[in-house]
Trainee: 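Before I ask anything, let me first share the structure, which is written out below as structure tokens.
Sequence lines set the chain letters: A, B, ... in the order given, protein chains first and strands last, and positions in each chain run from 1. Atom set for the values below is all heavy atoms of this structure, side chains included, hydrogens, waters and symmetry mates excluded.
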2 protein chains.
Amino acid sequence: MFLLIFFSKRFLPLVSLAGGFVLASQVWAADKPPPAPNGIERPEGYQDWRPIGVSHRSDKNSLRIIVGNDIAVQAARAGKTNPWPDGTILGKLVWEDRVHENWAAATVPGKLVHTEFMIRDARKYAGTKGWGFARWLGDEQKPYGKDATFANECAECHTAAKDTDHVFTRPVSLP
Amino acid sequence: MFLLIFFSKRFLPLVSLAGGFVLASQVWAADKPPPAPNGIERPEGYQDWRPIGVSHRSDKNSLRIIVGNDIAVQAARAGKTNPWPDGTILGKLVWEDRVHENWAAATVPGKLVHTEFMIRDARKYAGTKGWGFARWLGDEQKPYGKDATFANECAECHTAAKDTDHVFTRPVSLP
């Protein structure tokens, strides 16, 4: 719990002001964003998940790390990803492109665009191709979508990856 | 141990042929690459390290995930990275650019170019700016460099990042 608050740098001044009166766990709890309009909560501890992919999109000028929970990582390493097993959660962490100060040919993360997640539950999310979709915007982690129908937009776009269980990511292997 | 062998897909046929006669641990041991010419061993378990950065290089046409061991991740989250603490290990996992089959504007990992590591030990590696450098090429993970002097080439290039302890990566924060 203690380590986790290092992620939420914008709360550090608050912690300093409040001194011993604020417990680390409360700060972390305050940091949890509201659920997405379809009721999905942002997965806890996603900051500690392991990478299974990476990408750059020239149509969005952004860099992405794809991480997975333990079930996802095991499935990826076993090559059992079509379909992914129930319980899989994939996270995509997206940053604006920025030119590296010391290396002009390197594109590195700028501002956080969003974190987004796909949660596999074939029955619960049967209406959106077996996946629960949710996204939180920017450093504020504001939930994306006006109402629960936003997830149709996600599912629609992922139709392009229907041959790979609606997942764009091809897990990397690391020898 | 069992899960780890899923990384080494090229050994799976061998495992199948040998059947019960080969223990998983032996396969994994066989999978460990030789040390770099300066004696540095590839860090064990780097596949399970957490991400602290990502980049794309247009001068090398490659995508990179930067991962760190526990000491590195703690330092990154605490903002204590100039200098990074002794014991830090940073890993850079590099893949050739590939166009995504289902999304032309997305660049995703192709062939593994190399894994490379920076190991912080200010005294031991005083000759190369406090960092031990090593790199293993491709899926074969062949050690890079003809002799121990290869590390001078690494350190020389990292001079461009001398204001940030010779590390190019600026750790991302995840709220």
Side-chain angles (χ1 to χ4, degrees), chain A residues 3-12 31 33 46-51 53-60 63-67 73-74 76-79 93 95 97-98 100-109 112 115 136 138-141 160-164 168-170 172-175, chain B residues 3-11 31 33 46-51 53-60 63-67 73-74 76-79 93 95 97-98 100-109 112 115 136 138-141 160-164 168-175:
Chain A
L3 277 175
L4 291 172
I5 67 161
F6 285 121
F7 275 119
S8 44
K9 285 186 183 164
R10 67 187 185 282
F11 281 96
L12 286 183
D31 204 17
Y46 80 91
Q47 298 94 340
D48 287 323
W49 291 358
R50 289 166 284 175
V54 56
S55 64
H56 179 264
R57 274 181 64 177
S58 58
D59 54 345
K60 297 282 187 185
L63 280 165
R64 292 110 193 283
I65 301 178
I66 297 92
V67 294
V73 170
Q74 285 187 28
R77 293 177 183 186
L93 319 174
W95 294 271
D97 285 352
R98 184 171 65 82
H100 195 295
E101 295 83 350
N102 308 126
W103 203 272
T107 302
V108 293
L112 181 70
T115 63
W136 286 266
D139 285 331
E140 303 74 25
Q141 291 287 278
K162 63 178 161 30
D163 292 339
T164 48
F168 285 102
T169 302
R170 310 282 186 273
V172 294
S173 61
L174 290 170
Chain B
L3 276 176
L4 291 173
I5 66 161
F6 286 121
F7 274 120
S8 44
K9 286 184 182 165
R10 67 186 185 281
F11 280 96
D31 204 18
Y46 80 92
Q47 299 94 339
D48 287 324
W49 290 358
R50 289 167 284 175
V54 55
S55 64
H56 179 264
R57 275 182 64 177
S58 58
D59 54 344
K60 297 283 187 183
L63 280 164
R64 291 110 193 284
I65 301 178
I66 297 92
V67 294
V73 170
Q74 285 185 30
R77 293 178 183 185
L93 319 174
W95 294 272
D97 285 352
R98 184 170 65 83
H100 195 294
E101 295 83 351
N102 307 125
W103 204 271
T107 302
V108 293
L112 181 69
T115 63
W136 286 265
D139 285 332
E140 303 74 24
Q141 291 286 279
K162 64 178 161 28
D163 293 339
T164 48
F168 285 102
T169 301
R170 311 281 185 271
V172 295
S173 60
L174 291 169

Trainee: Which pair of heavy atoms, one from B:P175 and one from A:G138, lies closest together, and at what distance?
Mentor: CG-O, 4.2 Å

Trainee: Quick check: closest heavy atoms across B:I65 and A:P51, and the distance to 0.1 Å?
Mentor: CD1-CB, 3.9 Å

Trainee: For A:V67, is it the side chain, the backbone, both or neither that has a heavy atom under 4.5 Å from a heavy atom of chain B?
Mentor: side chain

Trainee: Check whether B:W95 gets within reach of chain A through its side chain, its backbone, both or neither, counting any heavy atom under 4.5 Å.
Mentor: side chain

Trainee: What are the two closest non-hydrogen atoms of B:V108 and A:S55, and how far apart are they?
Mentor: CG1-CB, 3.9 Å

Trainee: Using every non-hydrogen atom in the two residues, find where A:L174 and B:Y46 come nearest and quote the distance to one decimal.
Mentor: CB-OH, 3.6 Å

Trainee: May I ask you to test the B:R170-A:H100 pair for a side-chain heavy-atom distance under 4.5 Å?
Mentor: yes

Trainee: Are any non-hydrogen side-chain atoms of A:S58 and B:T107 less than 4.5 angstrom apart?
Mentor: no

